Amino acid sequence: MTYLEFRHRIQRELSSHPAGRTWKELRDRLALPYKVPCPEWMKQLEADIGLDRSVKKGNAKIWRLAASR
């Protein structure tokens, strides 16, 4: 899986779920091949699509798109 494919799938999923999802929910729902997300890709998603992971649900961070995007 390339970064562009990963970005597209994450952006599409989060666009349709504004409240966001945890990494485990995204991984399972999108059948992603990674146990944990790549830190470099997460940083790039913050710049490219406005990924926000500041909200927590228990110990998990919620992935969502910043409201301004």
Side-chain angles (χ1 to χ4, degrees):
M1 173 177 286
T2 67
Y3 168 73
L4 292 176
E5 182 182 358
F6 179 78
R7 181 184 74 190
H8 176 73
R9 291 172 74 182
I10 296 291
Q11 185 173 23
R12 187 175 58 218
E13 180 68 18
L14 295 179
S15 292
S16 63
H17 293 90
R21 296 201 183 275
T22 65
W23 167 250
K24 184 178 182 327
E25 291 169 338
L26 287 168
R27 184 190 67 204
D28 294 348
R29 189 166 172 81
L30 301 175
L32 297 172
Y34 310 109
K35 183 175 181 175
V36 295
C38 172
E40 290 83 13
W41 284 10
M42 287 190 307
K43 197 148 199 71
Q44 192 64 43
L45 287 174
E46 291 171 357
D48 289 351
I49 66 172
L51 176 66
D52 174 38
R53 298 182 328 119
S54 61
V55 175
K56 291 184 89 176
K57 177 181 175 183
N59 289 332
K61 291 186 177 182
I62 301 296
W63 290 44
R64 60 187 184 161
L65 300 179
S68 63
R69 299 246 171 193

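Predicted model only: the values in this text are computed from it and were never measured.
- In this structure, the side chain of R7 does not engage the main chain of L45 through any donor-acceptor pair within 3.5 Å.
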*Just do the side chain to side chain contact (heavy atoms under 4.5 Å, CB included) check on M42 and W63 with the steps written out, would you?*
CA-CA 10 Å; M42 287 190 307; W63 290 44; 3.6 Å; yes
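- Cluster membership check: L65 does not share its hydrophobic cluster with I62, using side-chain heavy-atom separations under 4.5 Å among Ile, Leu, Val, Met, Phe, Trp and Tyr.
- Between L14 and L26, the shortest heavy-atom distance links the atoms CD2-CD2, 4.1 Å.
- Counting all heavy atoms, side chain and backbone alike, C38 lies closest to E40 at SG-OE1, 3.0 Å.
- Between R64 and G20, the shortest heavy-atom contact is CB-CA, 3.9 Å.
- The hydrophobic cluster containing V55 does not contain I10, counting ILVMFWY residues as joined when their side-chain heavy atoms lie under 4.5 angstrom apart, directly or transitively.
- In terms of heavy atoms, P33 sits closest to M1 at CD-CE, 4.1 Å.
- T2 contributes atom OG1, which lies 10.5 Å from atom NE2 of H8 (distance to the nearest 0.5 angstrom).
- Note: the hydrophobic cluster containing V36 does not contain L30 (ILVMFWY, side chain heavy atoms under 4.5 Å, direct or indirect links).
- D52 and A66 make their closest contact through CB-N, 4.4 Å (heavy atoms, listed as atom of the first residue, atom of the second, distance).
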*Would K24 and R27 satisfy side chain to side chain contact (heavy atoms under 4.5 Å, CB included), going step by step from the backbone distance to the final call?*
CA-CA 5 Å; K24 184 178 182 327; R27 184 190 67 204; 3.5 Å; yes
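- Classified by interplanar angle (parallel below 30°, tilted 30° to 60°, perpendicular above 60°), the ring pair F6/W41 is tilted.
- Residues meeting the side chain to side chain contact (heavy atoms under 4.5 Å, CB included) test with H17, sequence neighbours left out: E13, R21, R29.
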